[in-house]
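No hydrogens, no waters, no symmetry mates; every other heavy atom, side chains included, goes into these values.
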Amino acid sequence: MKKSLILTALATTIIASTALLASPVYADHHAKGEAHSLDNVLANATRAEDAARDKYRNPKETLEFFGVKPDMTVVEYGPGGGWYTRVLLPYIAPVGKYIAVGTDSDVFNFSDRAREARTKSWPERFPATAAEWTGVDADKITAFESDEMPEEMLGTVDRILIFRSLHGMMNGNRADSELKSLRKMLKDDGMIGIVQHRADADAPFARSNGSKGYLKQKNVIALFEMNGFELVNSSEINANPKDTKDYEIGVWTLPPRLATADKNPADKAKYEAIGESDRMTLLFKKAS
């Protein structure tokens with residue numbers, strides 16, 4: 001009986017210790033002002049669901065290519081559903097500064113007042129949402145629209161990161177104005193990192209103008225050059241040669257959206273075998 005009680009107590013201790021190791025430790029580090037390693041952030045149990053996308057999005061290699069360090073001031077443009085936010089925020093917030101920037105909402109046409117109010121309240125709502133995602137204190141999270149950046153932030157940002165949203169800028173005819181606003185935030189030696197669905201170099205206009213989610217790499221480079229940037233480097237980290245890029249409804253056919261799978265269940269396995277889209281990974285600096 002005594003031996004049984006000892007074994008039970010030992011098992012309970014092991015389980016409790018394992019749970020402690022697997023649980024988020026972000027709050028303690030934030031309170032002490034200690035940086036996390038990127039490996040620890042990516043391995044944290046809170047990312048269990050997100051981590052399924054790592055094989056397509058390669059966050060460690062991508063952020064290292066962009067030269068992101070935990071003590072930097074980093075802007076994430078258009079956080080959306082927060083996949084990269086849940087990497088960047090725990091990595092940056094303890095000793096650096098994380099800033100979320102959304103599109104100037106004045107450029108949108110709204111179908112109703114409720115949708116307009118929700119869109120325009122995003123800067124106020126996002127810190128609490130991101131805090132729920134990560135456990136990072138909302139007071140450490142700054143959010144604003146691109147046309148409303150505080151004057152004291154001009155020229156203070158080390159990196160701006162734009163993940164898979166350039167086609168939205170292009171489709172909305174706001175790429176030039178958004179890039180000009182973002183450029184003002186960068187330090188003289190600051191850089192901007194881009195991950196974007198990539199059209200083939202010889203793709204017809206209809207499949208490379210952003211309406212299907214894909215853009216030609218040379219056109220993205222030209223867009224940035226026209227707006228005061230120059231290319232520093234490019235990488236094939238996020239390339240996917242299996243992506244045929246010829247889907248009727250565009251990139252949303254592929255994971256994670258799998259937009260046709262509901263109507264045609266056979267599509268799920270077919271497109272999961274391809275994986276996420278072929279992507280360019282580009283790093284730009286302010287042109288001198």
Side-chain angles (χ1 to χ4, degrees), residues 11-32 34-66 68-70 74 76-96 98 100 125-141 143 161-165 193 195 197 237-240 242-243 251-259 261-262 265 267-279 281:
T12 302
T13 301
I14 292 171
I15 291 170
S17 300
T18 302
L20 180 62
L21 289 171
S23 65
V25 294
Y26 297 150
D28 289 343
H29 279 257
H30 296 154
K32 298 174 184 176
E34 299 174 1
H36 296 292
S37 74
L38 186 52
D39 285 332
N40 285 345
V41 169
L42 293 173
N44 193 274
T46 59
R47 293 194 67 251
E49 186 174 343
D50 284 348
R53 309 253 67 81
D54 287 359
K55 61 184 177 181
Y56 304 122
R57 300 182 177 183
N58 307 294
K60 177 178 172 64
E61 296 83 357
T62 299
L63 294 179
E64 288 179 345
F65 175 74
F66 290 151
V68 176
K69 305 294 183 184
V74 177
E76 182 184 11
Y77 179 87
W83 192 92
Y84 253 109
T85 308
R86 291 186 285 273
V87 175
L88 289 169
L89 191 48
Y91 184 48
I92 299 297
V95 294
Y98 169 91
R125 293 185 292 104
F126 182 78
T129 300
E132 289 181 8
W133 286 339
T134 62
V136 174
D137 193 321
D139 290 341
K140 285 183 166 286
I141 304 167
L161 307 177
I162 304 178
F163 297 107
R164 308 178 312 281
S165 60
V195 177
H197 313 295
I237 294 168
N238 296 300
N240 181 3
K242 294 180 181 179
D243 182 6
V251 72
W252 303 282
T253 305
L254 296 176
R257 181 79 173 273
L258 291 168
D262 286 343
D267 283 356
K268 187 174 188 294
K270 175 182 176 181
Y271 293 121
E272 281 184 337
I274 293 174
E276 295 191 12
S277 66
D278 177 46
R279 293 161 185 165
T281 305

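- To the nearest 0.5 Å, atom CZ of residue R257 and atom OH of residue Y271 are 14.5 Å apart.
- The minimum heavy-atom distance linking R53 with P255 is given by the pair NH2-CB, 3.9 Å.
- When atom types are taken as modelled, the side chain of N240 and the backbone of E276 share a donor-acceptor pair closer than 3.5 angstrom.
- A 4.5 Å side-chain heavy-atom check between W83 and P59 finds at least one atom pair inside the cut-off.
- Of all heavy-atom pairs between Y77 and S165, the closest is CD2-OG, 4.0 Å.
- We find the CG-CD1 distance between L38 and I92 to be 9.0 Å, quoted to the nearest 0.5 Å.
- Annotation: side chain of T281 is not in contact with side chain of N58 (no heavy-atom distance under 4.5 Å).
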Exercise. Given Y98 and V136, is the side-chain contact (heavy atoms from CB on, under 4.5 Å) satisfied, shown in steps?
Worked result: CA-CA 11 Å; Y98 169 91; V136 174; over 6 Å; no

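- Counting only heavy atoms from C-beta outward, the side chains of W133 and L89 never approach each other to under 4.5 Å.
- Annotation for P94 and K140: closest pair O-NZ, 4.3 Å, computed over non-hydrogen atoms.
- Summarising the geometry, atom CZ belonging to R86 is positioned 8.5 Å from atom CZ belonging to R47; distances are rounded to the nearest 0.5 Å.
- Note: F66 and F163 have tilted aromatic rings, judged against thresholds of 30 and 60 degrees for the angle between ring planes.
- Atoms CD1 and OH, from I274 and Y56 in turn, are 10.0 Å apart once rounded to the nearest 0.5 Å.
- Taking 4.5 Å as the limit, every side-chain heavy atom of V87 sits out of range of all side-chain heavy atoms of D50.
- Using modelled atom types, one finds a donor on one side chain and an acceptor on the other under 3.5 Å when comparing N44 with T46.
- Put simply, the side chain of D267 never gets that close to the backbone of P265: no donor and acceptor are under 3.5 Å apart.
- Nearest heavy-atom pair, A239 versus D278, reported as atom, atom and distance to 0.1 Å: CA-OD1, 3.2 Å.
- To the nearest 0.5 Å, atoms CD1 (I141) and OG1 (T85) are separated by 9.0 Å.
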For this session: Would you check, one step at a time, whether the test side-chain contact (heavy atoms from CB on, under 4.5 Å) holds for T62 with Y84?
Result: CA-CA 11 Å; T62 299; Y84 253 109; 3.6 Å; yes

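- In this structure, the separation between CD on E64 and CD1 on I237 is 8.5 Å, given to the nearest 0.5 Å.
- The two residues N238 and R57 make their nearest non-hydrogen contact at OD1-O, 3.1 Å.
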